[in-house]
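All chains are named by letter (A, B, ...) in the order of the sequence lines, taking the proteins before the strands, and each is independently numbered beginning at 1. Note that this is a predicted model, so its numbers are computed, not measured.
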Amino acid sequence: MDLLCTHSNLGANHNPTMNILVCISHVPDTTAKINFTADGTALDPAGVQFVINPYDEFGLTKALHVKEAQGGTITVINVGPATTEPTLRKALAIGADKAVRIDATPMDAITVAKELKNHISANSYDLIICGQESIDYNGQQVPAMLAALLEQPFANACVGLSLDNGTATATSEIDGGHATYKASLPMVIGGKKGLVEEKDLRIPNMRGIMSARTKPLEVVPATEGEGPTKPVSFEKPAGKAAVKMVDAENVDELVRLLHEEAKAI
Amino acid sequence: MSILVFVEDWNGAYKKASFEAVAYAKSWATMNGNRVIAVTNTSAPAGELAGYGADHIIQIGLGSTAMGIAGQLKELSAEVSGIVIAGTSLGRSLAPALSALTGGALSTNTISLPLSVSPLQVKRGAFSSKGIETIELNNDMPIVSFVPNSIGLEPVAGEGNLERREVSSNDALEVLSTEVASGKVALPEAEAVVSAGRGLKGPENWGMIEELADVLGAATACSKPVSDIGWRPHSEHVGQTGIQVNPNLYIAIGISGAIQHLAGVSASKTIVVVNTDPEAPFFKAADYGIVGDAFEVVPKLVNALRAFKAAS
Ligand SMILES: Cc1cc2nc3c(=O)[nH]c(=O)nc-3n(C[C@H](O)[C@H](O)[C@H](O)COP(=O)(O)OP(=O)(O)OC[C@H]3O[C@@H](n4cnc5c(N)ncnc54)[C@H](O)[C@@H]3O)c2cc1C
């Protein structure tokens, strides 16, 4: 089905075929126990399973929906060392057409954003979809940096996107509500759940896994040097003291504790 | 030199996180003998900012998008040795855009005041609150975006002088509309959050959750499956893949406490858990727990809090 759609199908609404880039971050599984190396300067990857960043999964499925509606090509990209390749292969198995890995071990978001910008400037994409945030360093930095570097419009926390003949209408979450934006493509999206619904997320099937083996995964050398930020150390948050149980028949006691002890009310 | 702080308003009223941003900038500036320059919208009540440490206030006609405002702040950052931006939804786009435009090194999700100022070191949340990173920002205009509610407010006596400037804003993004629920407490900034999960059985049972939130002046939130099945809007989904919150008080009702849920809420200062199952994992992450049926406990708690509020 996917293959049949790659050739331009100018539908009734004259939507052009789309060249879409989906930025994929390779992160510890949400259930992973996080430990740091003995000297506290880095994540200890031992025993940690890595997955496609959950926010990026919504972007990838959205890209598939767009391609199915109006034709096009989906490229997935990661800036990272060779250990991220299984994650890119998984994205290919879900339905992306090709993958690019920029070979770097970036220490900060600006370096990632600049590497992505260099790739994008040398290729032309109609739409660039990132996840709003990656769940490892929780920076929420790369998408906005990338848009600023590219001087392209940017919709963050994007929970809805429709395209009509080169114009995008994007709905974004803002504090306490929503905003709706309009922009001409190309643009950069920081996506999240809502871009597509959870139940519509694609997962790899056997045929996808087989075909992913032969899809192109291009490795590109890094072009950027070190960025201006440096992790000094990592620690785990202090644990909580033991929970105080309150009898269900005595909620007044909870109110007293919240007021007098926790000073929370 | 100065520390520049961006002060966000909504329809002419400042967000609490904006005062926190000014107080943050003041603490930082005090550490290295700088002044605080606050940048705010022409229509906002600039006078309020001096009380948190703004020495100089520049009012401009703020653009309506993060990219537009980033360009404006860049224009104003010539004599600046650091920038503070609250991590609101706008700030979370604005800070990285400004970092890319100016080359200023950036820490987002910051949860501490500066540990040292040259080079600047701060602590930030990482790995969905499973880790805390100390990061060094090694250049001449570091930018700090902090998590609202994580620093606190410290009023100071001060008088800021006021200046109006014209700075144009450019962005190819057009704002068609914005819709913000009035009278409701916005989740990321809320000091108290009442959150409920699948234990509530169905959307029709949220009345008591809203009542509880109402007595506490709290925002309402929910677990991921609750928003996935459409009992509550996605905008209430908290956790690792939803909104991350750190209120003073987080009350979890009928939520099991899965690791992904805890990842987004465990930074809350006081956590109360109500669950029928004494083995629910959430109790291990809680400060106070009640083993009981939400349908009995919540109405009682609402009454007890009403009585408490009436007496105090
Ligand atoms: C990649 C990934 C990301 C995820 N991200 C998130 C996230 O961001 N946020 C999130 O919340 N989840 C997330 N999850 C889902 C998470 O794993 C749990 O499935 C989810 O948090 C469970 O929601 P719940 O506690 O409401 O439901 P359940 O696990 O079904 O728990 C319901 C609880 O209610 C209790 N209960 C039942 N009846 C009553 C009653 N009458 N009174 C009181 N208590 C009662 C039960 O004892 C139980 O503990 C994610 C999962 C994955 C795989």
Side-chain angles (χ1 to χ4, degrees), chain A residues 28 30-31 34 36 54-55 109-110 113 135-141 144-145 147-149 153-157 159 169 173-184 193-194 198 228-237 240 243-246 248 251-252 254-255 257-259 262 264-265, chain B residues 67 70 88-89 92-93 96-97 99-101 105-106 108-109 121 125-139 172-181 184 186 188-189 228 234-235 240-241 248-249 259-260 270 283 285-292 297 300-301 304-305 308:
Chain A
T30 56
T31 58
I34 296 298
F36 300 106
Y55 288 93
I110 191 71
I135 63 165
D136 49 0
Y137 296 96
N138 305 112
Q140 298 206 22
Q141 297 184 13
M145 284 175 166
L149 293 173
F154 175 55
N156 205 7
V159 293
T169 306
E173 280 180 357
I174 58 172
D175 292 341
H178 291 93
T180 305
Y181 304 113
K182 192 170 135 187
S184 296
K193 182 171 77 176
E198 176 90 15
T229 67
K230 173 174 105 198
V232 177
S233 62
F234 292 92
E235 64 200 281
K236 291 198 190 185
K240 286 240 178 226
V243 56
K244 270 194 190 165
M245 298 307 289
V246 176
V251 291
D252 286 335
L254 178 64
V255 173
L257 287 167
L258 287 178
H259 179 60
I265 56 173
Chain B
M67 285 297 159
T88 58
S89 70
R92 292 194 302 270
S93 297
S99 166
L101 293 181
L106 174 64
T108 51
N109 217 23
Q121 286 193 356
F127 299 100
S128 311
S129 307
K130 295 180 204 171
I132 296 171
E133 175 183 14
T134 300
I135 190 173
E136 188 168 294
L137 304 184
N138 224 333
N139 75 4
L173 190 72
E174 184 190 341
V175 182
L176 294 180
S177 64
T178 51
E179 233 176 85
V180 170
K184 276 196 79 180
E189 278 198 273
D228 286 342
H234 287 322
S235 54
Q240 188 166 20
T241 54
N248 280 331
L249 177 62
I259 188 165
Q260 297 95 348
T270 298
F283 285 119
D287 297 283
Y288 303 104
I290 292 184
V291 175
V297 174
K300 281 188 199 155
L301 188 55
L305 283 165
F308 166 79

* Please look at A:Pro54 and chain B and tell me whether the side chain, the backbone, both or neither of the residue comes under 4.5 angstrom of a heavy atom of that chain. => side chain
* Asked: Does any donor atom in the side chain of A:Thr30 or B:Gln260 lie under 3.5 Å from an acceptor atom in the other side chain?
  -> yes
* Structure fact -> From the list A:Leu149, A:Ile135, A:Ile110, A:Asn156, the residue making the most non-hydrogen contacts under 4.5 Å with chain B is A:Ile135
* From A:Leu258 atom CG to B:Leu301 atom CG, the distance as rounded to the nearest 0.5 Å -> 8.0 Å
* Asked: B:Ser89 versus A:Glu173: any side-chain heavy-atom pair under 4.5 Å?
  -> no
* Grab the two heavy atoms, one from A:Phe154 and one from B:Ser93, that are nearest each other, plus how far apart they are. => CE2-OG, 3.6 Å
* Give the member of B:Thr178, B:Leu106, B:Ile132, B:Ile259 that has the highest number of heavy-atom pairs under 4.5 Å with chain A. => B:Ile132
* Under a 4.5 Å heavy-atom cutoff, which of B:Thr241, B:Val297, B:Asn109 has the most pairs with chain A? -> B:Thr241
* Hey, could you give me the CG/CD distance between A:Asn138 and B:Glu133, rounded to the nearest 0.5 Å? => 10.0 Å
* Asked: Between A:Pro153 and B:Leu173, what is the shortest heavy-atom contact and its length?
  -> CB-CD1, 4.0 Å
* Asked: Could you give the distance from OG (B:Ser235) to CD1 (A:Ile174), rounded to the nearest 0.5 Å?
  -> 11.0 Å
* Asked: Can you find a pair of side-chain heavy atoms, one from A:Ile265 and one from B:Leu249, that are under 4.5 Å apart?
  -> yes
* Who among B:Ala172, B:Ala286, B:Gly289 has the most heavy-atom pairs with chain A under 4.5 Å? -> B:Gly289
* Do you know which of B:Gly292, B:Ala70, B:Ser128, B:Ala105 has the most heavy-atom pairs under 4.5 Å to chain A? -> B:Ser128
* To do: Please round to the nearest 0.5 Å and tell me the distance separating atom CG of A:Asp136 and atom CZ of B:Phe127.
  => 5.5 Å
* Decide yes or no for A:Gln140 and B:Thr108: does some side-chain heavy atom of the first lie under 4.5 Å from some side-chain heavy atom of the second? => no
* Hey, could you give me the CZ/NZ distance between A:Phe234 and B:Lys130, rounded to the nearest 0.5 Å? => 14.5 Å
* **Side-chain touch A:Val159/B:His234, heavy atoms, less than 4.5 angstrom** => no
* Asked: If you round to the nearest 0.5 Å, how far is CD of B:Glu174 from OG1 of A:Thr169?
  -> 9.5 Å
* Using a cut-off of under 4.5 Å for heavy-atom pairs, which of B:Pro96, B:Ala186, B:Ala304 has the most such pairs with chain A? -> B:Pro96
* **Side-chain heavy atoms of A:Thr180 within contact of B:Glu179, under 4.5 Å** => no
* Structure fact -> In terms of heavy-atom contacts, A:Met245 and B:Val291 come closest through CE-CG2, 3.5 Å
* Given side chains that start at C-beta, do those of B:Val180 and A:Asp175 come closer than 4.5 Å, heavy atoms only? -> no
* Quick one: closest heavy-atom pair of B:Tyr288 and A:Val243, and the distance? => C-CG2, 3.8 Å
